[in-house]
Novice: 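This is the structure, below, for whatever I ask next.
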Amino acid sequence: MAHRITLIPGDGIGPEVADATARAVEATGVAVEWERVEAGLTAEKNTGNYLPDSVFESLARTHLALKGPVGTPIASGHASVNVALRKRLNLFVNFRPVRMLPGLKTRFSDLPIDLVIFRENTEDLYAGLEHEVASGVMESLKVITRSASEKIAKAAFEYAAREGRQKVAAIHKANIMKLTDGLFLRCCREVAANFPEIEYAELIVDNACMQLVMRPETFDVLVLPNLYGDIVSDLTAGLVGGLGIVPGANLGENCAVFEAVHGSAPDIAGRRLANPTALMQSARLMLAHLGERDAATRLQKAIEAVYREGVHLTRDVGGAAGTDEFTSAVIAHLN
Ligand code: NAI
């Protein structure tokens, strides 16, 4: 029977990388029935709503989505569709594996970088609780709860135990934010105590950023509150070739949304230059989540073969190909 999957193409380069990825998923031979629904600018144009009910109706049926990026206006305009989606579906884990692809030349390609980010996905400064206290004074509330902190810490340690990982590092700024980040850290320590076989470390976020640039190969699993997780995700993407590479998954109790780390890339949108690798690797995670392990492995191997050959790579990773040429090369390897 075909897998029913919600497909949210999104904004900017979203439809380009989503269509490329859908083609690659179909080329694995796995039977898929896509339920295509719009969120973001296109949805707003068609329905007057950035996040229409049709998205949630589809997800209530499929419990699973492949999603392109959705843009959010800066310093004005509507609230983030991504944050709203993650909160409403309680997708409390943001899972982002960061690995060097074979053959890809980056400043760090000599290093065996293989780390995994567990970013809390529902609270922190993304609570969106901002107000004007007085003229010229704005306030934004940072919300950290025991329940969400425990969930992300458990997810990180359970993953580490399951996958034979050695170390989990909690990243924080509890020297300054003693109550909020202090609670996050306490939860991580409590969960760590149940996993004595896994080494546990704590790093202040500024130091963590320096260490990640100096010694990225020494990191294994990282667990972070929402904002640091967001920033550190892009930093680590930069280590392995940029935002065109790194995949992700938003995971909850009974729903999962697979999407890349990158945004809608307005600077290259509509030009068929975008690198679909990040969303294709997200689709590989999705196939594994569906139990289609063989297809997941074949898709990953096809992507890696294209990188190893180095002939059909997109411009962001030093090649000259567009989205379609790269996608066809991946599909050729799948066939
Ligand atoms: P961005 O990730 O869209 O772009 C940053 C830089 O990376 C740009 O130079 C872009 O061309 C490049 N880039 C990103 N993905 C690429 C790809 N697949 N192939 C080749 N180059 C790629 O970040 P930016 O500019 O900060 O954000 C743009 C919009 O995206 C904003 O409205 C933001 O809110 C939204 N956004 C959405 C996310 C989501 O839907 N999950 C995540 C991050 C940002």
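In listed order, ligands and their atoms are each counted from 1.
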Novice: Counting N and O atoms only, with roles assigned by atom type, does the side chain of Asn250 sit under 3.5 Å from a partner on the main chain of Val257, one being a donor and the other an acceptor?
Specialist: yes
Novice: At a heavy-atom distance under 4.0 Å, which protein residues reach ligand 1? Sort them by chain and number, would you?
Specialist: Ile13, Lys67, Pro69, Val70, Gly71, Thr72, Asn82, Arg86, Leu243, Gly244, Glu259, Val261, His262, Gly263, Ser264, Ala265, Pro266, Asp267, Ile268, Ala274, Asn275, Asp316
Novice: I'd like to know if the side chain of Thr323 and the backbone of Arg272 have a donor-acceptor N/O pair within less than 3.5 Å.
Specialist: yes
Novice: Less than 4.0 angstrom from a charged side-chain N to a carboxylate O is my criterion; do Lys154 and Glu158 meet it?
Specialist: no
Novice: With sequence neighbours left out, write down each residue that passes salt bridge (Lys or Arg N to Asp or Glu O under 4.0 Å) with Asp206, or none if nothing qualifies.
Specialist: Lys173
Novice: Which side-chain N or O atoms in residues 65-79 pair as donor and acceptor under 3.5 Å with protein atoms at least two apart or in another chain?
Specialist:
| from | atom 1 | to | atom 2 | distance (Å) |
| --- | --- | --- | --- | --- |
| Lys67 | NZ | Asn82 | OD1 | 2.7 |
| Lys67 | NZ | Glu259 | OE1 | 2.6 |

Novice: Among pairs that include at least one residue of residues 288-335, which meet ring-ring contact (aromatic ring centres under 6.0 Å, His included), considering only residues two or more places apart or in two chains?
Specialist: Phe258-His289, Tyr307-Phe326
